[in-house]
Amino acid sequence: MALADAVDRVMARVLFVTPPPPTDEEVMPEEAKEGRTIGLALVISGVRCTLQYLILPVVLPLIGLASGFSLIIAMALDLVALWLLISGLRYLWQTRHPHRFDMLPLSAAILAIIVGSFLYDVWRLVS
């Protein structure tokens with residue numbers, strides 16, 4: 001349990017949150033609010049992925065609208081995805097959600113993909 005407490009403290013500092021004090025038993029946050037929050041994040045993520053990986057690189061060139069603006073849109077979508085990922089992690093740590101540690105490895109992998117995509121887009125923009 002000491003490792004979980006250490007990770008909890010580190011993530012709270014990294015995310016700039018102050019979690020409530022630990023209790024004997026982790027309590028699930030209000031399910032209705034949680035469902036709406038996660039559902040909205042999933043819808044936004046789905047729209048972002050559809051735009052970034054299907055519409056911008058495939059559909060726009062097929063109809064002759066591929067230009068520099070699609071790269072700017074992709075970069076903006078990367079920033080939106082980054083904001084959503086960080087705000088979701090902040091929510092999990094602020095509420096001491098019992099599944100916060102389950103989401104951490106997946107979030108780290110997604111963070112690496114988003115940052116890599118953004119840096120690649122920046123490199124394409126400046127070259």
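Remember, it's a predicted structure, so these values are computed and weren't measured experimentally. Position 1 is the first residue of the sequence, and the numbers go up from there.
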**Report entry** Residue pairs passing the side-chain hydrogen bond (donor to acceptor under 3.5 Å, both in side chains) test where at least one lies in residues 73-88, sequence neighbours excluded
**Finding:** Q52-D78, D78-S117
Report task. Would you please indicate yes or no on a ring centroid separation below 6.0 angstrom for F101 and W93? Result -> yes
Are [X] and [Y] in one and the same hydrophobic cluster, where Ile, Leu, Val, Met, Phe, Trp and Tyr link if side-chain heavy atoms are under 4.5 Å apart?
X	Y	result
L106	L15	yes
L125	Y120	no
I113	V80	no
V14	V17	no

Query raised in the report: Taking the side chain from R124 and the backbone from L71, do they hold a donor-acceptor pair closer than 3.5 Å?
Result: no
Working to the nearest 0.5 angstrom, can you tell me the gap between [X] [atom1] and [Y] [atom2]?
X	Y	atom1	atom2	result
M11	R90	CE	CZ	11.0 Å
M75	L119	CE	CG	9.0 Å
H97	D102	NE2	CG	9.5 Å
I114	L77	CD1	CG	10.5 Å
L89	L84	CG	CG	11.0 Å
I73	D121	CD1	CG	11.5 Å

Report task. List the steps and the verdict of side-chain contact (heavy atoms from CB on, under 4.5 Å) for R96 and D8. Result -> CA-CA 9 Å; R96 294 189 62 84; D8 237 356; 3.2 Å; yes
Requested in this report: Mind checking salt bridge (Lys or Arg N to Asp or Glu O under 4.0 Å) for R9 and listing every partner two or more places apart, or none if nothing turns up?
Outcome: none
Requested in this report: Begin from the C-alpha positions of L104 and L92 and carry the test side-chain contact (heavy atoms from CB on, under 4.5 Å) through to its verdict.
Outcome: CA-CA 10 Å; L104 199 54; L92 293 176; over 6 Å; no
